[in-house]
Amino acid sequence: MPRILHLTDLHLRHHQPGSAEPAIRLSRAMPEMLERLALKLPDLDIDVVVISGDLLDVPDEVIVSGSPDGRAHEDWLAEVERDFGLIRGWLSDTGIDYVVCPGNHDHEPLFRRIFPEAADFVDAAGIRFFCFWDELGSDRQPRRTAARRVLFEDALTLPQHNVPQIHVQHYTIDPPTLSNGAHYEYLDAAEFKRRIDASGRVRAVLSGHYHPGILIQDGAVLYSGPPAFCEAPHRFRVYDLAGDGGFLVENHSVTDPMKESGKT
Ligand SMILES: [Fe+2]
């Protein structure tokens, strides 16, 4: 039974200066929290690690080719690249298969440079993980368009993809969520959900973006986004996907006590 660890929305800044806003997003604590998470991995017996976007907190000005502080844009890019490299190094050091996709606070061209193996889908632990690099519209509501829409259709309909699937993307599909005047779910979320639920292929839809987290567990498909890892107590989830279509969701945080004494 594959076990999947899912964390999201780290909003990490280490080589980049400053921190995400608001202040509850503890960008600069992320390297330490990742180290603490790594110590828990042997006990958790994980087969695949999933990170569903906002690995970093890149300032909006940098994403659109500017700078928020008067320093050269290129200096920021070098720091962003090193911060992506920090997370890639952490993932590599775990020795566990991983699936990552960017969020709206990541810098997509540098994300692709540091994770060149990132592809439309990845097979791991007997599951096909589809990765949707979607985007926000000008109204801040997520959109799945063009090649990503084709990928979605292919995943649900092509014979060669008739295998157990997990869909990974930054944005949410279910439940509809309106917060601070913005929709967190896709513009066509209701249609996506109907198609996914009817496909018989998709076991779970794993998201980020909505920092309080989401969990819909009442049907054949799990819709889950853990609370943002950047906020204390730095939560993540572990999923056990059983052969009978059921699954178990465990909520964890890096501050949970370790299982065995002497390892805290
Ligand atoms: Fe985020």
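For ligands, and for the atoms within them, numbers begin at 1 and follow the listed sequence.
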Flag, side chain of R13 to backbone of D57, donor-acceptor distance under 3.5 Å: yes
query: Do you know the tightest heavy-atom contact between S199 and L156?
result: CB-CD2, 3.7 Å
- prompt: Is there a donor-acceptor pair under 3.5 Å between the side chain of T177 and the backbone N or O of P175?
  reply: yes
- request: Can you spot which of R148, H209, R144 makes a side chain to side chain donor-acceptor pair (under 3.5 Å) with Q169?
  value: R144
- prompt: Does any N or O in the side chain of S52 come within less than 3.5 Å of the main-chain N or O of H170, such that one atom is a donor and the other an acceptor?
  reply: no
statement: The single option from Y223, F192, Y186, F132 that satisfies ring-ring contact (aromatic ring centres under 6.0 Å, His included) with H167 is F132
- request: For the Fe ion (ligand 1), count the protein N, O or S atoms found under 2.8 Å away.
  value: 4
